[in-house]
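A short worksheet on the structure shown next.
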Amino acid sequence: MNGRYTLQEIEEQPKVWKDLLEEPLFIEEIKDKEEIIYFGSGTSYYLALSLACFTQYYTGITSRAIPSQELVFFPETIVTKKPTLYVGISRSGETSEVVMAMEKVKSLGKGNFLSITTDGKSQLALKSERAIVILSARENSVVMTKSFTSMLLGVQVGILNTIRSLDLDLLRKELLDSSQKVLSIAKAWAEEISKKDHKEIIFLGSGPIYGVACESALKVREMSSSLTSAYHTLEFRHGPKASLDRDSLVVILLSDSAIEEELKVAKEIENIGAQCNIIRGKIDNNISINSGLNEYLRLILYMPFAQYLGYYKAIKKGLDPDEPLNLTQVVKI
Ligand code: F1P
């Protein structure tokens with residue numbers, strides 16, 4: 001059956017999340033740092049984008065996300081003298097750029113090095129001072145689904161646990177209560193949306209949700225070879241909206257901080273005649289994901305929507321979501 005592994009990995013997520021919440025890890029390395037730099041490639045870079053926002057919000061430590069290649073070729077534009085924790089993120093731990101980035105920064109003799117991966121024997125894991133290995137996030141599929149949400153949640157839980165935040169209890173309760181429900185809502189939404197053949201699909205998100213919007217666009221593109229893109233929500237008004245017409249779909253992943261302005265963007269998109277769907281954090285319409293989690297804590301709950309959409313669009317086009325065109329599980333140069 002086409003997409004067997006991908007579907008299984010999407011649907012296993014609530015179970016993997018539950019395990020991560022029940023056995024929270026610690027990330028003590030953040031304690032004496034003035035800066036945290038997350039780096040990765042592809043999906044793992046988008047994970048870095050959301051984690052950097054989350055980390056600075058909860059710890060107050062300056063946090064940035066850098067694509068691995070920039071650390072390799074332009075380290076002087078990134079590396080500072082401040083005590084810094086470098087966190088390499090990679091499902092495989094073998095992506096060329098992420099390994100090269102770790103080597104480059106280490107050769108400069110700066111900072112401490114942590115890796116987040118699903119393979120403890122990978123080059124990235126062996127080159128870092130400590131590897132957080134999330135075995136339950138390992139995947140057969142080329143595209144990353146549960147590995148994205150599980151590595152994201154694993155680090156979020158680790159940070160909340162380390163700083164002893166009461167939000168960890170809230171996160172645990174709300175996710176256990178709502179994960180399965182969100183997956184059902186996302187599945188039904190994606191099945192319906194995939195019936196129409198949109199010429200382009202655009203995901204919009206702000207703050208910590210921007211990384212998730214990028215990952216959403218990548219998921220649908222990878223699995224179904226569709227034309228997709230992602231922008232910061234209000235940035236979309238500054239040019240990208242020029243291509244919109246009745247065959248476009250825009251999905252806004254709504255935040256809390258920018259909600260009023262984001263809803264105005266939605267109106268503007270509808271006035272142009274494009275289809276606009278809003279995925280929101282409060283249970284007050286059909287496409288809702290959770291009532292009790294703030295915009296930093298509910299990040300993973302946005303993901304099943306694009307994961308299922310990629311899957312169903314691929315099936316509809318006769319493609320195999322497990323074997324995306326032109327892609328491999330590990331990218332080496
Ligand atoms: C990330 C990545 C994905 C891409 C593909 C291959 O690699 O490049 O972004 O979707 O599935 O892997 P990794 O560094 O996290 O292993």
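Fair warning: this is a prediction, and the values are worked out from it, not measured in the lab. In each ligand, atom 1 is the first atom listed, and ligand 1 is the first ligand listed.
In terms of N/O distances under 3.5 Å, ligand 1 is approached by Glu222.
Scanning the protein heavy atoms around atom 2 (C) of ligand 1, the nearest turns out to be Met144 SD, 4.2 Å. The protein heavy-atom contact nearest to atom 7 (O) of ligand 1 is Thr95 OG1, 3.3 Å. The nearest protein atom to atom 16 (O) of ligand 1, hydrogens excluded, is given as Ser92 OG, 2.7 Å; this is a heavy-atom distance. At the shortest separation from atom 9 (O) of ligand 1 among protein heavy atoms lies Thr43 N, 2.8 Å. Among protein heavy atoms, the minimum distance from atom 11 (O) of ligand 1 is reached at Val142 O, 2.5 Å. The nearest protein atom to atom 6 (C) of ligand 1, hydrogens excluded, is given as Gln329 O, 3.1 Å; this is a heavy-atom distance. In terms of protein heavy-atom proximity, atom 8 (O) of ligand 1 is nearest to Val331 CG2, 3.9 Å.
When each of Leu227, Asn277, Ile193, Thr228 is paired with Ile201, the side chain to side chain contact (heavy atoms under 4.5 Å, CB included) condition holds for Thr228 and for no other. When each of Glu129, Arg130, Glu29 is paired with Asn112, the side chain to side chain donor-acceptor pair (under 3.5 Å) condition holds for Glu129 and for no other.
Contacts with ligand 1 closer than 4.0 Å are made by backbone heavy atoms (N, CA, C, O) of Thr328 only, the side chain lying farther away. The part of Ser44 lying near ligand 1 is the side chain, judged by heavy-atom distances below 4.0 Å.
Listed by atom number, the atoms of ligand 1 under 4.0 Å from Ser90 heavy atoms are 13 (P), 14 (O), 15 (O), 16 (O). Listed by number with element, the atoms of ligand 1 under 4.0 Å from a non-hydrogen atom of Arg91 are 11 (O), 13 (P), 15 (O), 16 (O).
Ring orientation note: the planes of Tyr308 and Tyr312 are close to parallel, at an angle under 30° on the 30°/60° scale. Using the six-membered ring where Trp is involved, Tyr58 and Tyr296 have ring planes that are perpendicular, over 60° apart on the 30 and 60° scheme. Ring geometry, Phe305 versus Trp189: the interplanar angle exceeds 60°, so the pair is classed perpendicular (tilted spans 30 to 60°).
The residue from Ser41, Gly42, Gly40 that puts a heavy atom closest to atom 1 (C) of ligand 1 is Ser41.
Of the charged side-chain nitrogens involved, none lies within less than 4.0 Å of a carboxylate oxygen, so that Glu12 and Lys15 do not count as a salt-bridged pair.
Annotation: ring-ring contact (aromatic ring centres under 6.0 Å, His included) contacts of Tyr5 (sequence neighbours excluded): none.
Within a 6.0 Å sphere centred on CG of Asp245, other residues, nucleotides and ligands contribute more than 12 heavy atoms. For Glu22, the CD atom sits in a packed shell: over 12 heavy atoms of surrounding residues, nucleotides or ligands are nearer than 6.0 Å.
Residue-ligand proximity: Leu124 is placed with every non-hydrogen atom at 4.0 Å or more from ligand 1.
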